[in-house]
Chemist: 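Submitted below is the structure of interest, expressed as structure tokens.
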Amino acid sequence: MGVAIRADLAAVPDCILPGTAPDAVLLNSNEGPLPPPPAVVEAITRAAVEGHRYPQRFSDTLVGRLAADLAVPGERVAVGCGSVSLCRDLIQAFCGPGDEVLCAWRSFDAYPVFARVAGVRARTVPLDAGHRHDLEAMLAAVTPATRVVFVCNPNNPTGTAVRSRELRAFLDRLPDRILVVLDEAYREFVDDPDVPDGVELARNRPNVAVLRTFSKAYGIAGVRIGYCVAAPAVVSAVHKVSVPFAVSRLAQAAALAALDRPDEVRSRSAAIVRERQRLQILLARHGHPVTPSQANFVWLPLGEEAADFADFCARHGVLVRAFPGDGVRVTVGLPEENDAFLSAADRYRSGARQALGPYGS
């Protein structure tokens, strides 16, 4: 008889990583299509020389830089191994036996997983007909056991965003005892001025924590680093549960170098936004269902066709992310990569679903 794992982990889905394939166009992981700027690569290389030394425990230098850039006190900033690790830390810090985490569905699939791993119940609320957070329904789903509410804005995987007025009204009506986590991993791709800046909201709301990442717009997904802006008590709680030295010297150096190049980050983000708009226009023009996006991806609400569509694209050399029964998320890539996807999508739409070999037509 082998070692028994926790019985409740049976409800946690196995980790299935996005696929890769030789020569395939990878539009399935929300990565940036460009490598890090040369200065960031140089910073990583320099930091590697001191790889035998532990990094700063709480990324003090980076915290100071972020605090200055965001105009908040340093005690309001925590750095983690990607914003996803901070999601886990916040659940662990604020939830105990009998507590609940509340989130929209479909949203970032790590939220309910981290809740279950922490031994906490995850409650989900369906998105509305426009594939957006249904904040009224989320308010109605709050119970005395609710401790943490996640609002992914823009939402992953649908790209939809909650506007300022409705989010403020939601926060005003939510009990102060509940921590609201605004996950803004895709903030740099927002071009709608009515989508709120979570950091501004967190300044005067002690129960709001904002998560951001360097993985997307900054192009350093491979070195894993993100940050949280929240009240000092929330940051202190995150520090209590975080894995010591989880944020490497390389990641800290990369983030600092990326912050030194805001114009380049803005330029890269703007290019993605232009391609996102082009994708949405062409998809709609050719009869594909597509949801307006504020992120670095587009959402096709294909329902039961999602898996077939993703498989068809893969056989045409383009990998996209299927959410079976719901839809397909397509990361915005380089123009030629997006063109390859559009070609595959149009062939699917036209009914040219002939049997193909792997990754080839």
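For this chain, numbers begin at 1 and follow the sequence in order.
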Chemist: Checking one residue: V12. Which other hydrophobic residues are in its cluster under the side-chain 4.5 Å linking rule?
Modeler: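 Traced through the cluster, V12 reaches I5, L9, V113, V117.
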
Chemist: Mind jotting down which residue pairs meet the salt bridge (Lys or Arg N to Asp or Glu O under 4.0 Å) criterion with at least one end in residues 35-61? Sequence neighbours excluded, please.
Modeler: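 Residue pairs passing salt bridge (Lys or Arg N to Asp or Glu O under 4.0 Å), neighbours aside: E50-R249.
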
Chemist: Would you please say whether a donor-acceptor pair under 3.5 Å links the side chains of E184 and N153?
Modeler: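 Their side chains do not contain a donor-acceptor pair, so the 3.5 Å distance test is not met.
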
Chemist: Are any of the side-chain nitrogens in D339 or R278 under 4.0 Å away from the carboxylate oxygens of its partner?
Modeler: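 Here D339 pairs with R278 in a salt bridge, since their nearest N and O are under 4.0 Å apart.
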
Chemist: Please check this pair: side chain of R177 against backbone of T146, looking for a donor-acceptor N/O pair closer than 3.5 Å.
Modeler: yes

Chemist: Please determine whether the number of non-hydrogen atoms from other residues, nucleotides or ligands lying under 6.0 Å from atom CZ of R285 exceeds 12.
Modeler: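 Not more than 12 within 6.0 Å, no.
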
Chemist: Is Q280 reaching over with its side chain to a backbone N or O of S293, donor-acceptor style, under 3.5 angstrom?
Modeler: yes

Chemist: Ignoring hydrogens and geometry beyond distance, is a side-chain donor-acceptor pair present between N30 and R321 at under 3.5 Å?
Modeler: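 No.
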
Chemist: Does the distance from a Lys or Arg side-chain N to an Asp or Glu carboxylate O, for D172 and R168, drop under 4.0 Å?
Modeler: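 The answer is no: the pair does not qualify as a salt bridge.
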
Chemist: Any chance you could pull the hydrophobic cluster mates of L34, using side-chain heavy atoms under 4.5 angstrom and chaining through other members?
Modeler: L334

Chemist: Determine which pairs satisfy ring-ring contact (aromatic ring centres under 6.0 Å, His included) with at least one residue from residues 59-89, sequence neighbours left out, and list them in order.
Modeler: none

Chemist: Run the salt-bridge test on D263 and R266 with the 4.0 Å N-O cut-off and return the result as yes or no.
Modeler: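 Salt bridge between D263 and R266, a charged N being under 4.0 Å from a carboxylate O: yes.
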
Chemist: Heavy atoms only: give me the nearest A322-A306 pair and the separation to one decimal.
Modeler: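 For A322 versus A306, the nearest heavy atoms are CB-O, 3.9 Å.
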
Chemist: Not counting sequence neighbours, list each pair that qualifies as a ring-ring contact (aromatic ring centres under 6.0 Å, His included) and has a residue in residues 160-197.
Modeler: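 Output for this query lists Y186-F297.
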
Chemist: List the residues meeting salt bridge (Lys or Arg N to Asp or Glu O under 4.0 Å) with R224, not counting sequence neighbours, and say none if there are none.
Modeler: none

Chemist: Please find the pair of heavy atoms, one from H239 and one from A78, that lie closest to each other, and give the distance.
Modeler: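 Minimum heavy-atom separation between H239 and A78: NE2-CB, 4.0 Å.
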
Chemist: If hydrophobic clusters are built from ILVMFWY residues whose side chains come within less than 4.5 Å, do F150 and V208 share one?
Modeler: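 No; tracing contacts between hydrophobic side chains, which count when under 4.5 Å, never links both residues.
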
Chemist: Are the side chain of R147 and the backbone N or O of F94 linked by a donor-acceptor pair below 3.5 Å?
Modeler: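 Yes.
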
Chemist: According to salt bridge (Lys or Arg N to Asp or Glu O under 4.0 Å), who are the partners of D197, at least two apart in sequence or on a separate chain?
Modeler: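 Listed in chain order: R212.
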
Chemist: Applying salt bridge (Lys or Arg N to Asp or Glu O under 4.0 Å), can you list everything that pairs with E75, at least two apart in sequence or on another chain?
Modeler: none

Chemist: Hey, any chance F214 and V63 share a hydrophobic cluster, counting ILVMFWY side chains that come within less than 4.5 Å of each other, even indirectly?
Modeler: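 Yes, F214 and V63 fall within the same hydrophobic cluster.
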
Chemist: From the options L283, L342, N338, V320, select the one residue that forms a side chain to side chain contact (heavy atoms under 4.5 Å, CB included) with V330.
Modeler: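 Only one option passes, and that is V320.
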
Chemist: Any side-chain hydrogen bond (donor to acceptor under 3.5 Å, both in side chains) involving residues 82-96? Give me the pairs, sequence neighbours left out, ordered by first then second residue.
Modeler: none

Chemist: Any chance you could pull the hydrophobic cluster mates of V49, using side-chain heavy atoms under 4.5 angstrom and chaining through other members?
Modeler: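 None; V49 is a cluster of one.
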
Chemist: Going by side-chain heavy atoms closer than 4.5 Å, which hydrophobic residues are tied to W299, directly or by a chain of links?
Modeler: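 W299 shares its hydrophobic cluster with F323.
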
Chemist: Would you mind writing out the side-chain donor-acceptor pairs for residues 226-238 within the sub-3.5 Å range, not counting sequence neighbours?
Modeler:
none

